[in-house]
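Below: one structure, written as structure tokens.
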Amino acid sequence: MQTAGAIGVFDSGVGGLSVLRHIRELLPGERLIYVADSGHVPYGDKSPDYIEQRALALSRFLIEQGAEAIVVACNTATAAAAATLRSRFAVPIVAMEPAVKPAVAATQSGVVGVLATIGTLESARFAALLERHAGAVEIVTQGCPGLVEQVEQGELDSARTRELLERYISPLLDRGADTLILGCTHYPFLAPLIRDVAGQHIVLVDTGAAVARQLQRRLQAELPGRPQTASSSAQFFTSGDAQQTSRIISALWGQQVTVQYLPEKFSRGEIA
Ligand code: DGL
């Protein structure tokens, strides 16, 4: 029997698992390969060029491993590198951006808050997104330094994480936001704590499910008739500490996994 090619997914760390879980749900029977670029996390404070080099290296690795499509499960990497990846690789590249359109449709108060990395908020791509979809709705943005690191440590409910969330969310609530965009794939893992801090009435919007649907559409349109297996499988790689990453991924993924080291030539900072 012919074996299906894989779906390659990457993020700066474990945040992309918030997208991968939607892919697993929508597309059972796919072989999934996930790379957590934990040796280079966070992307949010790196230059667009640096992130682009990382995205190129990780995509090359995934394609070498048999990926027939790549999901950039990271808003920051999408802003810095999606266009370059599409120009360099022939496989479908599914990327993501903060969910401005659904949030604008959801708000009752006319004010939407965006929690994202500085890299995403400062990108031309984000400015264009607001231009297209904000309309008459007021969009208030908030960069969140330190939050990604909390998720990487598995601190989904610690006092320090709560303190950061209070600091970042209060100004948005003061401005009248009733809807918050989780514009970084790490943040859905903080949703219970965000609700606790912002109040249970707050509407939280993220893009994980929409990205999985977009992947499904692209596979059907561009790679029809791909063979499926009876159940999905997932392999995990990291450019950081494999033991630490195994511990966090197992907790977030809901089953014990062993994370492998990304080969040296793909895990270095500088790329040929
Ligand atoms: N998870 C990422 C995002 O969606 C990147 C976070 C980071 O490394 O700063 O933006």
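We count ligands from 1, going down the list as the structure has it; atoms in each ligand are counted the same way.
Listed by number with element, the atoms of ligand 1 under 4.0 angstrom from any heavy atom of H186 are 1 (N), 2 (C), 6 (C). Heavy-atom contacts of S12 reach the following atoms of ligand 1: 5 (C), 6 (C), 7 (C), 8 (O) (cutoff under 4.0 Å). Heavy-atom contacts of T76 reach the following atoms of ligand 1: 3 (C), 5 (C), 10 (O) (cutoff under 4.0 Å). For ligand 1, the atoms lying closer than 4.0 Å to a non-hydrogen atom of C184 are 1 (N), 2 (C), 3 (C), 4 (O), 6 (C), 10 (O). In summary, the atoms of ligand 1 found under 4.0 Å from a heavy atom of T117, numbered by their order in the structure, are 6 (C), 9 (O), 10 (O).
When A79, G44, G119 are ranked by how near their heavy atoms come to atom 9 (O) of ligand 1, first place goes to G44.
Between W253 and F236, the two ring planes are perpendicular [angle over 60°; tilted spans 30° to 60°]. Note: H40 and Y50 have tilted aromatic rings, judged against thresholds of 30 and 60 degrees for the angle between ring planes.
Counting heavy atoms under 4.0 Å from ligand 1, residue D11 touches it through the side chain alone. Contacts between T185 and ligand 1 below 4.0 angstrom, taking non-hydrogen atoms only, involve backbone and side chain alike.
In the displayed structure, R167 atom CZ is contacted under 6.0 Å by more than 12 heavy atoms of other residues, nucleotides or ligands. The neighbour count for Q255 CD, taken as heavy atoms of other residues, nucleotides or ligands under 6.0 Å away, is above 12.
Summarising the geometry of A99 relative to V205, their closest heavy-atom pair is CB-CG1, 3.6 Å, with the distance given to 0.1 Å.
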Open item on the list: Test side chain to side chain contact (heavy atoms under 4.5 Å, CB included) on L129 and R132; report intermediate values, then the result.
Closed with: CA-CA 5 Å; L129 188 66; R132 267 200 319 281; 3.5 Å; yes
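Heavy-atom separations between C74 and ligand 1 include at least one value shorter than 4.0 Å.
Screening Q153, E149, Q150 for a side-chain hydrogen bond (donor to acceptor under 3.5 Å, both in side chains) with T161, the sole residue that qualifies is Q150.
The nearest heavy-atom contact from the protein to atom 7 (C) of ligand 1 is Y43 N, 3.2 Å.
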